[in-house]
Visitor: 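There's a structure below that I have some questions on.
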Amino acid sequence: MLKACFFVCGFVCLSVGAFAQSSTATIFGTITDASGGSLPGAKVIATMEATGAREATDANDRGDYIFPSIRPGLYTLQVEAKGFKKAQTRNLLIEVNQRARQDFSMQVGEVQQVLDVSGTATTVDTFSGTMKEVVDSGRMVELPLNGRNALQLQALLPGSIQMGSGSAASGIALNTNIVFSVNGARPNSSAYTLDGGLNMDMYNNLPAAFPNPDTLQEFSILQNGYNAVNGRNAGAVINMVTKSGTNEFHGVLFNFLRNDKLNTRNFFASRVDPLRRNQFGGTIGGPIRLPKYNGKDKSFFFVAYEGTRQRLGATSSSIIVPTALERAGDFSQSTLRGTRVSVAPPETVNAQNPQGIPFPNNVIPSSRLDPVATRFASVFMPLPNRAGNIFAYNVSLPTEEDQITIKLDHNFSEKQRTNFRMFFDDFSRNQNAGLLLFNSQNNWVTYNSTLNHSTVFSPNLVNSATLTVARNTFVRAPLPTAPALDWAALGCRSCISLSPPGVPTDCGLSVSATVSMCA
């Protein structure tokens, strides 16, 4: 029995581990001499310009080198070989999921001499037929985004169509309120990752909340033709990467304002719809500095926060409420679609007389009025304020969101590096239905943490391990109905109270280990 238990647990872990995706890139190339012959044993160093982090490898006997798992960013590549000038390429932009080729042709000379190689890495992917689009931080910040939701930029990809909330089986993500269909696939057939770990609503298979554009470095959209590492779903694969700290301190403060005072009136409306929306926050990142420790070139931090506060007016003009006479049991003047209403005692209604015998003058005796129902009507049902016994009202529905991102990076050496990222998002939205005091709140909480560790064992063997823990909770419950908070306040001691709000939780554990072996 114990062996069977271990087998089941191992099978589950392996199955979940297949969900992990890659948020790194690959740099490779060939090193030759002036005659075109291969130059084996040449040392290649890749240095991230923002952090000073270095990775090193050696060319094999054919002169080929590769960095199979490297973080996106700007790099400087240096090549050293005995009897040849040092060659280097600066400002080499490497994007997420990119396979960048950079070849070097070495010239005879002293190692102290440096030959700068101009140009950029070849971006044509000759290893696979993957169709993809990379959206950098500049486009995320500068392009207009309604609500600052970077997921909207999926529309940049040909064949990507945003589904409307009224579409059948659209599967709108409840907290992000957005979902796309790519190449005709179902809207819930795409996979969304954050720093290499799955970040999805596991119950609906839709994207969970993602960091704001000022927190994201870039993201790639793999449309089709991707390899088995990304083969969780039939649709697209969206890999998002958060920013990291650098050797210099950088920070951003922002506040985006939307207000009805700045809006114009719709031509057919009598006034401007009320709206108050503020999105505010900031980011800061840099080297970790502690007493007797300077993290330059080794240890970095990045922290980001965004808060959203919205007050949006909602109008209801179709609620029919009882008149003052009807609340007292007097239906003598009541009509329904032009026909007088007949009110009869329940005991007089039968199969032969389905309408029953009406009360005299259609007036219910006060002794037969339920006191709980009378109190309910007086507390929750206002008197009509429009013709047809309609009560029209406008109510302010708040939407609030707070999200925090914390990321730590540390480079142990040229062969080992690790990073940890925590993302937390708390989103709530109030809704109103039926009556002015009948409100509910939908609350979505997203928690996603990823730990990554990469080790270079040799020029031919690299291991990258990623652990992701994700948790999504969704609480939908009525808000307190003041001044009567429960049935007991209305005088009913035996009435069944509403069930307490449930807290359905979706948890995800993603474990992956990628071993890159190069011949």
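Just so it is clear, the structure is predicted and the values come from calculations on it, not from any experiment. If you read the sequence from its start, that first residue is 1, and numbering goes on from there.
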Visitor: Show, in sequence, the C-alpha distance, side-chain angles and deciding distance for Asn443 and Ser428, and conclude whether the side chain to side chain donor-acceptor pair (under 3.5 Å) test is met.
Guide: CA-CA 4 Å; Asn443 179 233; Ser428 64; 4.7 Å; no
Visitor: Ignoring hydrogens and geometry beyond distance, is a side-chain donor-acceptor pair present between Tyr75 and Gln102 at under 3.5 Å?
Guide: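 Looking only at side-chain atoms, Gln102 and Tyr75 do not form any donor-acceptor pair under 3.5 Å.
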Visitor: Show, in sequence, the C-alpha distance, side-chain angles and deciding distance for Arg311 and Glu400, and conclude whether the salt bridge (Lys or Arg N to Asp or Glu O under 4.0 Å) test is met.
Guide: CA-CA 9 Å; Arg311 299 296 183 267; Glu400 297 184 358; 3.1 Å; yes
Visitor: How are the rings of Tyr305 and Phe280 set relative to one another: parallel (under 30°), tilted (30 to 60°) or perpendicular (over 60°)?
Guide: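 Tilted, since the angle between the ring planes falls between 30° and 60°.
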Visitor: Is it true that Glu414 and Arg54 make a salt bridge, defined as a side-chain N closer than 4.0 Å to a carboxylate O?
Guide: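 Between Arg54 and Glu414 there is a salt bridge, with a charged N closer than 4.0 Å to a carboxylate O.
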Visitor: Quick check: do Ser137 and Leu216 have side-chain heavy atoms less than 4.5 Å from each other?
Guide: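 Side-chain contact under 4.5 Å: no.
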Visitor: Looking at side-chain heavy atoms only, is the closest gap between Lys296 and Lys298 below 4.5 Å?
Guide: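 No - every pair of side-chain heavy atoms lies 4.5 Å or more apart.
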Visitor: To check you understand the geometry: which heavy-atom pair defines the closest contact between Pro274 and Leu312, and what is its length?
Guide: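 Smallest interatomic distance, heavy atoms only, reads O-CD1, 3.7 Å.
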Visitor: Over all heavy atoms of both residues, which pair between Ala236 and Val182 is shortest? Give the atoms and the distance, please.
Guide: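 Shortest heavy-atom separation between Ala236 and Val182 comes out as CB-CG2, 3.8 Å.
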Visitor: So, are Asp58 and Lys43 salt-bridged, with charged N and O less than 4.0 Å apart?
Guide: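 A salt bridge is absent here (no side-chain N lies under 4.0 Å from a carboxylate O).
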Visitor: If you define the side chain from C-beta out and look only at heavy atoms, does anything of Asn411 sit under 4.5 Å from Phe300?
Guide: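 Contact flag for Asn411/Phe300 side chains = yes.
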Visitor: Which heavy atom of Thr76 sits nearest to which heavy atom of Asn91, and what is that distance?
Guide: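 Residues Thr76 and Asn91, closest heavy atoms: OG1-N, 4.3 Å.
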Visitor: Could you tell me whether Glu218 and Lys243 have a side-chain N and a carboxylate O separated by less than 4.0 Å?
Guide: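 Looking at Glu218 and Lys243, the cut-off is not met.
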Visitor: To the nearest 0.5 Å, what is the distance between CD (Glu55) and CZ (Arg71)?
Guide: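 Rounded to the nearest 0.5 Å, the CD-CZ separation comes to 8.0 Å.
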Visitor: Kindly determine whether Asn247 and Thr51 satisfy side chain to side chain donor-acceptor pair (under 3.5 Å), including the steps that lead there.
Guide: CA-CA 5 Å; Asn247 276 329; Thr51 64; 5.8 Å; no
Visitor: Could you report the tightest heavy-atom contact between Val462 and Pro68, atom names first, then the distance?
Guide: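 Where Val462 meets Pro68 most closely, the heavy atoms are CG2-CG, 3.6 Å.
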Visitor: Show the numbers, then the answer: is there a side chain to side chain donor-acceptor pair (under 3.5 Å) between Asn472 and Asp201?
Guide: CA-CA 7 Å; Asn472 301 314; Asp201 173 359; 4.9 Å; no
Visitor: Side chains of Thr242 and Asp195: donor-acceptor distance under 3.5 Å anywhere?
Guide: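 Side-chain D/A pair, Thr242 to Asp195: present.
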Visitor: Return the CD to CG distance between Gln403 and Asp426, rounded to the nearest 0.5 Å.
Guide: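 If I round to the nearest 0.5 Å, the distance is 11.0 Å.
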Visitor: Could you measure the distance from the OG1 atom of Thr57 to the NZ atom of Lys415? Nearest 0.5 Å is fine.
Guide: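 Atom-to-atom, Thr57:OG1 and Lys415:NZ are 7.0 Å apart.
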Visitor: Does a side-chain heavy-atom distance below 4.5 Å link Leu153 with Phe219?
Guide: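 Contact flag for Leu153/Phe219 side chains = yes.
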Visitor: Could you give the distance from OH (Tyr447) to CD1 (Ile404), rounded to the nearest 0.5 Å?
Guide: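 Nearest 0.5 Å value for the OH-CD1 distance: 11.5 Å.
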Visitor: Name the residue from Asn448, Asn452, Asp409 that meets the side chain to side chain donor-acceptor pair (under 3.5 Å) definition with Arg421.
Guide: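 So the option named by the test is Asn448.
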Visitor: Answer yes or no: is there a side-chain heavy-atom contact under 4.5 Å between Arg276 and Asn259?
Guide: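 They are in side-chain contact.
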Visitor: When rounded to the nearest 0.5 angstrom, what distance separates OG in Ser244 from CZ in Phe301?
Guide: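 The distance works out to 12.0 Å.
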Visitor: At their closest point, which heavy atom of Thr473 faces which heavy atom of Arg471, and how far apart are they?
Guide: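 Closest heavy-atom pair between Thr473 and Arg471: CG2-NH1, 3.4 Å.
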Visitor: Find out whether Val135 and Leu156 are in side-chain contact, i.e. whether some heavy atom of one side chain is under 4.5 Å from a heavy atom of the other.
Guide: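 Yes. Closest side-chain heavy atoms under 4.5 Å.
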Visitor: Answer yes or no for Arg148 and Phe254: cation-pi contact, defined as NZ/CZ to six-membered ring centre under 6.0 Å and angle to ring axis within 45°.
Guide: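 Judged by the rule (NZ or CZ under 6.0 Å from the ring centre, within 45° of its axis), Arg148 counts as positioned above Phe254.
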Visitor: Please check if atom CD in Glu248 has more than 12 non-hydrogen atoms from other residues, nucleotides or ligands closer than 6.0 Å.
Guide: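 Atom CD in Glu248 is not packed in, count stays at 12 or less.
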Visitor: Give a yes or no on whether a salt bridge exists between Asp402 and Arg309, defined as a side-chain N under 4.0 angstrom from a carboxylate O.
Guide: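 Result for this pair is yes, salt bridge flagged.
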Visitor: Have Thr446 and Asp425 got a donor and an acceptor in their side chains that come within less than 3.5 Å?
Guide: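 Looking only at side-chain atoms, Asp425 and Thr446 do not form any donor-acceptor pair under 3.5 Å.
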Visitor: Is there side-chain contact between Phe423 and Ser449, with at least one heavy-atom pair below 4.5 Å?
Guide: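 Contact flag for Phe423/Ser449 side chains = no.
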Visitor: Is the shortest heavy-atom distance from the side chain of Thr466 to the side chain of Thr468 under 4.5 Å?
Guide: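 When only atoms from C-beta onward are counted, Thr468 and Thr466 do touch, with a gap below 4.5 Å.
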Visitor: Could you state the interatomic distance from OG (Ser299) to CG (Leu290), rounded to the nearest 0.5 Å?
Guide: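 Rounded to the nearest 0.5 Å, the OG-CG separation comes to 8.5 Å.
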Visitor: Mind listing the closest non-hydrogen atom pair of Asp64 and Thr30 along with its distance?
Guide: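 It is OD1-OG1, 2.8 Å.
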